[in-house]
Amino acid sequence: MFRRMAIGVVVGTLIATSSVTVPTNVLAAQAAPAASHFSPTKLNAVYLTGKSYLKLKSADIVEGEKGRAFVFTITVYNGESRTVDLIDYWFKVKNKSGSNFKIKAADANVKEVIPAQSNRDFTYYAEIDENTKLSDLNVEVIKWDFSVSTYERRVGLISIPKNYNNVTPYGQTQQYKWNNQLVTTKLTNGILAKDSELQHVSFTWQIVNNGTLPVKFANTKFVIKTAEGLIYPIEYDLATESVAAREKKDFLLSATIPASVSLTGAKLVWVQQTETMAYGLPIVNHEIKAKAEDLKETAVIKINSGTQIVEGKPDEVVTTSISNKLNRFTIEYQLLNTGKKNVILPALSFEYTSASGATYPMEVKDAAGTISINPGINKSVDVSVEIPSSETTNKGTLYVYETIKVNNKDVKRLLGKHAVTASNQVTENTAFGKKVDYKNTQGSYQVTIDQLYRNPWNNEDLIQAEIQVSNTMTTTTSLPAPELTASVYLDGVLLKEQVQLIKTNNKITLSKGETAKYLVLTKIPYLQEFSKVEIKVNEKVAENAIHIGTFAGTNAIKTPKSYKLGSTILSQREDKKSDITAKGIKIYEGQNTSMVYVDLELTNKGSRVDQLNSWVGYFRNKAGMVFPAIIGSTADLINPFGKVSTYAYTLIPKNVGYDDFELILGEGIVESKFANPTDKATAYLHPSITKLDYTSIAPATTFENLELNPYKLSFNRVLASILDERRIVLNFNYAMEISESSQKDLTSHDIILELVDDNGKRYEKTFKIGEDLVVTRNSRQEIIIEDPNLFVNIPKFTNYTLNIYDAVDKHKRLLASKRLEWFITSS
């Protein structure tokens with residue numbers, strides 16, 4: 001029957017099946033629960049043979065997207081000394097009026113043979129109509145019998161009585177097998193917090209694994225099912241994916257449902273979800289009971305933490321003007337530990353409902369994560385929110401929630417609410433460049449923010465500012481450099497983009513008068529317009545953040561320092577002293593684009609051999625077009641005051657022009673740290689601008705001392721002649737020297753010699769610097785140029801022009817051009 005109807009056993013994740021040999025008396029003992037455990041209503045067994053029988057283990061009506069279904073589990077016990085094959089048995093589900101409901105197996109791949117002296121569970125479901133109740137249903141047990149006219153013989157009937165109950169009473173335990181493991185579960189500590197619209201219910205659900213293997217929670221969930229069949233999901237915090245053998249665990253379950261829904265007669269259901277059916281299969285049911293707490297506005301909320309109480313209340317309530325459109329509403333929330341031990345609270349969250357009825361989630365700015373409070377100590381938590389200036393704050397409600405993490409999202413349980421009124425309105429912030437005095441348990445500091453810049457980063461812009469923290473102690477006491485965090489607001493709106501904070505001079509301690517420097521960095525869309533910038537600075541102490549000050553200004557963005565070509569730009573890193581110099585600008589022409597090329601020179605200014613800084617650059621013209629710069633860098637160790645010749649270049653469209661460019665240079669960073677030369681920078685700091693005043697220079701008419709940074713190249717004794725009727729030979733002497741100060745050359749140039757006959761025929765040959773042309777005082781080169789139509793292309797050998805090009809990345813510029821005679825050696 002089981003093969004024919006594809007009805008089977010749920011194995012692995014839903015029903016705890018067992019193949020272990022169990023004597024009849026042991027099975028009977030298992031069926032009789034201990035007095036302290038709840039047992040579902042027992043129904044009579046249906047015997048299949050003299051020693052084999054089946055019993056209804058559980059029965060439920062469940063709701064799914066497709067409607068309702070009757071789900072039941074049958075336990076079959078084989079007491080024979082041989083296996084029992086169930087192919088000759090099947091089931092029918094009928095209601096009291098005799099209507100049939102088609103049944104399906106929860107698992108179509110069931111094993112149909114039950115070993116001797118063992119038991120197995122089989123789970124089925126049948127889709128039913130909306131009016132059918134559990135007590136309306138019967139399960140007929142049928143066997144094939146060819147001795148009767150219908151070939152079917154009913155061997156038993158399981159009727160579900162009206163008093164059938166498989167719901168564990170609140171506070172009691174139920175013990176059952178699931179996934180071959182004996183588990184015990186219990187529901188306690190029900191709390192119901194209710195206001196006019198919502199009710200928030202929470203419980204403690206306890207599970208004990210009495211088995212020998214872990215109990216896994218994969219593909220399970222919890223729901224509340226009311227007496228009228230309404231289903232509400234339950235959020236739960238499973239810190240681990242399983243419960244180990246012999247382990248006991250408690251889980252907090254919580255749900256939010258409409259205040260109008262009655263929980264009388266409701267139950268909590270632990271549900272297994274499978275891929276083979278559209279309905280969740282109940283594992284266990286628990287009766288719901290919860291102590292009601294009417295959420296009236298109160299001055300003090302009592303927060304339970306184990307056996308101790310923490311009292312919470314709003315203290316100072318302030319409205320701060322941000323702009324003519326926005327106010328910031330801030331509440332200092334006090335938490336008092338009234339117990340005798342340290343208390344660690346879960347994260348708290350807050351919402352403010354204004355007099356108009358609008359609700360604003362509030363930002364917890366001065367306490368991140370959990371809150372630890374010692375006995376008798378008040379801990380202050382600052383919460384705030386931006387609200388329209390049209391919203392009055394002379395009357396409102398503060399809602400306080402306990403927040404837990406569930407599957408990487410925040411789930412809230414309402415703890416209480418307060419009536420709050422803003423006590424005063426204050427002016428906003430400290431101007432950039434002004435100093436704020438700050439004291440902590442270590443000593444006294446002075447804090448200021450200055451040097452706000454906005455510079456390009458690909459299709460975004462970088463916003464950066466420097467924080468300076470100074471030791472202002474009057475004694476010689478050294479202070480630790482504080483750990484800071486920062487938030488950035490543009491026109492009163494908090495930037496959600498991650499804010500990086502980088503300590504640029506790596507100060508660990510500050511002696512009297514000494515200063516630690518930090519750079520704040522964030523990114524915004526390059527088209528974003530704003531006028532006002534605010535930066536809030538906190539000190540991070542353990543898991544808390546202590547407010548130092550908020551600095552603000554309108555039109556506060558500054559322009560980086562500007563340099564001329566040839567000027568040296570000093571790195572601002574104190575741990576790696578170096579400099580960079582933009583020595584000159586060159587223009588190379590390609591087929592479709594032009595190349596703006598700048599010769600750079602890097603210098604190690606430190607006293608030890610070291611890697612050089614990683615530099616990032618952008619070219620920008622007066623029209624505001626921005627082009628990323630390709631900058632050559634090296635990971636080699638450079639000697640003290642050693643120099644490296646390198647470059648920065650970009651490609652631009654032919655129609656852009658290049659007489660009004662500037663080069664923005666900054667020190668690269670990765671993950672809030674300064675980048676190494678081989679790293680791919682994610683941003684840059686300490687921007688500077690070099691004006692690239694390009695002046696077109698006519699090609700030289702001599703081949704002596706051609707500038708090719710860091711080289712000087714000379715050609716002489718050039719001779720072009722005919723080797724035979726299809727080959728030209730070009731001979732020349734050359735000399736190449738390199739600047740003595742250059743320890744390493746990162747430039748990659750080619751030299752192109754182009755021979756142009758007066759008849760218009762062109763020939764060219766490419767030489768690679770460092771390979772074909774090397775540093776030498778005097779060297780002779782000979783090249784052969786083949787042309788099978790030589791005498792057709794050049795019928796008369798009189799004069800030719802020799803052009804010398806400097807080439808980079810398929811772009812070139814003319815260094816020198818000289819008209820020479822065939823067969824005559826130049827001077």
Side-chain angles (χ1 to χ4, degrees), residues 1-10 14-15 17 27 31 40-62 64 66-80 83-114 119-166 276-279 281-282:
M1 130 2 195
F2 290 89
R3 295 189 189 96
R4 179 173 64 87
M5 299 188 66
I7 298 176
V9 183
V10 174
L14 174 62
I15 302 300
T17 62
L27 180 68
T41 303
K42 297 184 181 64
L43 302 180
N44 293 332
V46 175
Y47 277 82
L48 306 178
T49 68
K51 296 181 180 180
S52 300
Y53 58 85
L54 60 82
K55 283 187 174 183
L56 183 73
K57 181 178 180 180
S58 65
D60 288 277
I61 289 179
V62 299
K66 293 186 177 181
R68 304 171 76 231
F70 168 49
V71 178
F72 62 99
T73 298
I74 298 292
T75 298
V76 181
Y77 172 68
N78 177 13
E80 305 289 347
T83 59
V84 170
D85 194 337
L86 298 183
I87 192 172
D88 293 330
Y89 295 90
W90 68 95
F91 302 102
K92 289 183 178 181
V93 173
K94 296 183 177 181
N95 61 16
K96 293 292 194 289
S97 62
S99 298
N100 279 300
F101 297 99
K102 184 179 179 180
I103 68 171
K104 297 180 182 179
D107 184 358
N109 300 315
V110 63
K111 294 181 180 179
E112 301 167 357
V113 176
I114 303 173
N119 62 290
R120 287 188 185 277
D121 287 350
F122 300 81
T123 298
Y124 316 95
Y125 68 99
E127 295 182 350
I128 59 175
D129 57 60
E130 293 183 359
N131 299 318
T132 299
K133 301 188 295 292
L134 195 62
S135 58
D136 295 335
L137 298 170
N138 296 320
V139 179
E140 291 186 357
V141 184
I142 306 296
K143 182 179 181 182
W144 283 104
D145 188 343
F146 294 101
S147 65
V148 297
S149 59
T150 61
Y151 306 125
E152 298 179 0
R153 178 165 57 86
R154 190 172 81 175
V155 297
L157 178 69
I158 301 174
S159 296
I160 302 175
K162 290 184 177 181
N163 64 349
Y164 175 78
N165 182 27
N166 65 350
T276 56
M277 59 181 291
Y279 302 93
L281 304 179

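The analysis underlying the following values was restricted to heavy atoms, covering all of them including side chains, and did not include hydrogens, waters or symmetry mates. Model, not experiment: these values are computed from the prediction.
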Under the side-chain contact (heavy atoms from CB on, under 4.5 Å) test against Val93, which residue among Phe70, Tyr125, Tyr124 passes? Phe70

Write down the atom of Leu157, the atom of Val46, and the distance for their closest heavy-atom approach. N-CG2, 4.2 Å

Spatial distance of atom CG (Asn131) from atom NZ (Lys133) [nearest 0.5 Å]: 8.5 Å

Donor-acceptor under 3.5 Å (Lys104 side chain, Glu127 main chain): no

For the residue pair Phe91 and Phe72, does the interplanar ring angle fall in the parallel (under 30°), tilted (30 to 60°) or perpendicular (over 60°) class? perpendicular

Shortest non-hydrogen contact from Ala59 to Tyr164? N-OH, 3.1 Å

For Asn165, does its backbone N or O pair with a side-chain atom of Thr41 as donor and acceptor, under 3.5 Å? yes

How far apart are the closest heavy atoms of Tyr53 and Ala45, and which atoms are they? CD1-CB, 3.9 Å

Approximate separation, where rounding is to 0.5 Å, of Asp129 CG and Arg68 CZ: 7.5 Å

The reported gap from CD1 in Ile142 to CG in Asp145 (rounded to nearest 0.5 angstrom) is 11.0 Å

In this structure, CG of Leu137 is separated from NZ of Lys96 (nearest 0.5 Å) by 7.0 Å

For Ala126 versus Phe101, what's the shortest heavy-atom pair and its separation? CB-CB, 4.0 Å

Test side-chain contact (heavy atoms from CB on, under 4.5 Å) applied to Glu140 and Glu152, step by step: CA-CA 11 Å; Glu140 291 186 357; Glu152 298 179 0; over 6 Å; no

Gly50 versus Glu80, closest heavy-atom pair with distance: N-OE2, 4.0 Å

Using 0.5 Å steps for rounding, measure from the NZ atom of Lys57 to the CG atom of Asn166. 11.5 Å

Please walk me through it: do Leu43 and Lys55 pass side-chain contact (heavy atoms from CB on, under 4.5 Å)? CA-CA 7 Å; Leu43 302 180; Lys55 283 187 174 183; over 6 Å; no

Option among Leu56, Leu54, Asp121 that satisfies the side-chain contact (heavy atoms from CB on, under 4.5 Å) test with Thr75: Asp121

Let me see the working for Arg120 and Val76 under side-chain contact (heavy atoms from CB on, under 4.5 Å), right down to the final yes or no. CA-CA 5 Å; Arg120 287 188 185 277; Val76 181; 5.5 Å; no

Donor-acceptor contact below 3.5 Å, side chain Asp60 vs main chain Pro282: no

Within a radius of less than 6.0 Å around CG of Asn44, do more than 12 heavy atoms belonging to other residues, nucleotides or ligands occur? no

Note: Leu281 and Val71 closest approach over all heavy atoms is CD2-CG1, 3.6 Å

In sequence, state the C-alpha distance, the side-chain angles, and the governing distance for Asn95 and Ile128, and then conclude on side-chain contact (heavy atoms from CB on, under 4.5 Å). CA-CA 10 Å; Asn95 61 16; Ile128 59 175; over 6 Å; no

